[in-house]
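We number each residue from 1, following the sequence as shown.
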Amino acid sequence: CSTEYPENFSFLRTPPEMRVVRSIGQGQFISVFSKKGPPDYILSYEGTTILADAKEVRTHRFPYSNLHWNQANHFERWEKSGNECAIIIRFTDSSYTNEDFIVPWSEIRGRWMEWNERRRMGESIERGGGSISKEEISKISFKFTSNNFMDSIKEMVESLGFEHED
């Protein structure tokens with residue numbers, strides 16, 4: 001369900017579709033996630049609506065393969081209807097240090113599309129061409145802290161220019 005927050009912010013989790021495998025009785029079921037779920041979140045702040053997908057990686061690079069074609073397709077359709085899209089990426093390491101970034105789809109779209117087309121055509125991809133480094137992501141994204149999500153979203157919307165046009 002959607003939860004209302006102060007300052008014209010709304011947040012909706014879009015859970016992946018589930019496929020029932022079998023009933024185990026008494027109204028309980030065994031189910032699995034379907035492979036083609038939608039992006040994870042719809043965020044709304046002061047009239048700006050952002051479709052976002054959350055990803056976590058345990059290396060210093062974000063593999064483009066972590067974003068699936070169906071998710072990119074949702075992003076494309078969402079933006080064509082006048083909205084914004086972003087990937088929320090959490091980098092973790094062995095010391096359990098997390099770094100969180102929100103990357104506008106517009107900043108990574110071209111790279112992802114080129115990678116996907118080359119992969120689809122069976123072309124070779126040069127070393128490092130299938131991912132983007134945390135350092136490079138930090139230059140095209142907004143870094144935020146998980147402890148202060150509301151303020152971070154507000155700052156993100158304002159700093160990236162995701163402002164509603166009347």
Side-chain angles (χ1 to χ4, degrees), residues 10-19 31-45 48-146 148-149 152-165:
S10 182
F11 174 94
L12 177 67
R13 171 72 166 104
T14 56
E17 294 177 29
M18 301 291 289
R19 183 173 52 87
S31 60
V32 295
F33 291 115
S34 86
K35 290 186 177 184
K36 297 190 177 188
D40 297 321
Y41 302 100
I42 298 173
L43 311 170
S44 180
Y45 175 72
T48 299
T49 305
I50 304 166
L51 184 64
D53 199 66
K55 303 294 183 183
E56 184 172 336
V57 293
R58 298 183 189 279
T59 69
H60 67 283
R61 299 189 68 83
F62 175 73
Y64 295 132
S65 61
N66 277 12
L67 184 70
H68 304 285
W69 169 250
N70 63 299
Q71 294 165 327
N73 190 38
H74 280 290
F75 282 171
E76 290 296 294
R77 291 175 35 217
W78 193 260
E79 279 194 345
K80 283 180 183 172
S81 67
N83 298 293
E84 304 293 343
C85 300
I87 305 169
I88 300 169
I89 303 175
R90 168 170 281 176
F91 287 94
T92 63
D93 62 28
S94 58
S95 66
Y96 300 102
T97 302
N98 296 331
E99 288 188 85
D100 299 316
F101 298 89
I102 185 153
V103 184
W105 175 237
S106 59
E107 291 289 338
I108 202 168
R109 170 196 291 113
R111 300 166 203 219
W112 187 91
M113 291 289 191
E114 181 181 338
W115 165 82
N116 187 61
E117 182 64 17
R118 293 186 79 176
R119 183 190 58 81
R120 193 179 68 74
M121 299 297 289
E123 296 177 12
S124 64
I125 298 170
E126 65 279 353
R127 183 174 169 86
S131 62
I132 184 171
S133 71
K134 179 169 59 171
E135 180 180 342
E136 195 167 353
I137 281 180
S138 70
K139 295 175 185 174
I140 62 169
S141 67
F142 177 80
K143 186 174 180 177
F144 67 96
T145 63
S146 298
N148 204 354
F149 185 69
S152 298
I153 293 298
K154 179 180 176 183
E155 236 178 287
M156 173 203 69
V157 168
E158 292 170 353
S159 72
L160 292 176
F162 287 167
E163 294 168 29
H164 180 66
E165 295 178 18

Spacing of NE2 belonging to His60 relative to OG belonging to Ser133, to within rounding of 0.5 Å: 7.0 Å
Counting N and O atoms only, with roles assigned by atom type, does the side chain of Asp40 sit under 3.5 Å from a partner on the main chain of Ala54, one being a donor and the other an acceptor? yes
Please tell me whether Glu76 and Trp105 have a donor and an acceptor in their side chains that are separated by less than 3.5 angstrom. yes
Between Ser44 and Thr49, is the side chain to side chain contact (heavy atoms under 4.5 Å, CB included) condition met? List the steps. CA-CA 4 Å; Ser44 180; Thr49 305; 4.1 Å; yes
Any donor-acceptor pair under 3.5 Å from Trp115 side chain to Ser131 backbone: no
Check whether any side-chain heavy atom of Ile125 lies under 4.5 Å from a side-chain heavy atom of Arg119, and answer yes or no. yes
If you count the non-hydrogen atoms of other residues, nucleotides and ligands that lie under 6.0 Å from CD in Glu135, is the total more than 12? no
Can you measure from CG (Asn83) to CZ (Arg77) and round to the nearest 0.5 angstrom? 12.5 Å
For Arg111, what residues pass the salt bridge (Lys or Arg N to Asp or Glu O under 4.0 Å) criterion, not counting sequence neighbours? Glu136
Between CD on residue Glu56 and CG on residue Asn98, distance to nearest 0.5 Å: 6.5 Å
For the pair Arg90 (side chain) and Asp100 (backbone), establish whether a donor and an acceptor sit closer than 3.5 Å, ignoring hydrogens and angles. no
Given Ile88 and Phe101, is the side chain to side chain contact (heavy atoms under 4.5 Å, CB included) satisfied, shown in steps? CA-CA 6 Å; Ile88 300 169; Phe101 298 89; over 6 Å; no
From the list Asp53, Ile108, Asn70, side-chain contact (heavy atoms from CB on, under 4.5 Å) with Phe75 holds only for Asp53
Return the minimal non-hydrogen interatomic distance between Ser141 and Pro104, and the atom names on each side. CA-CD, 4.3 Å
Should Trp69 and Asn116 count as side-chain neighbours, where that means a heavy-atom distance under 4.5 Å? yes
Looking at CD1 of Ile140 and CD1 of Ile102, how far apart are the two atoms once the value is rounded to the nearest 0.5 Å? 12.0 Å
Shortest non-hydrogen separation from Leu67 to Ala72 and the atoms involved: CD2-CB, 4.3 Å
Measuring from atom CD of Glu99 to atom CD1 of Ile137, what distance do you get when rounded to the nearest 0.5 angstrom? 11.0 Å
Do any N or O atoms from the side chain of Arg118 and from the backbone of Ser124 form a donor-acceptor pair under 3.5 angstrom? yes
CZ-NZ distance between Phe91 and Lys134, expressed to the nearest 0.5 angstrom: 6.5 Å
Taking the side chain from Trp78 and the backbone from Cys85, do they hold a donor-acceptor pair closer than 3.5 Å? no
Taking it one step at a time, do Leu51 and His74 satisfy side chain to side chain contact (heavy atoms under 4.5 Å, CB included)? CA-CA 9 Å; Leu51 184 64; His74 280 290; 4.1 Å; yes
Side-chain heavy atoms of Gln71 within contact of Lys55, under 4.5 Å: yes
Can you find a pair of side-chain heavy atoms, one from Val103 and one from Ile89, that are under 4.5 Å apart? yes
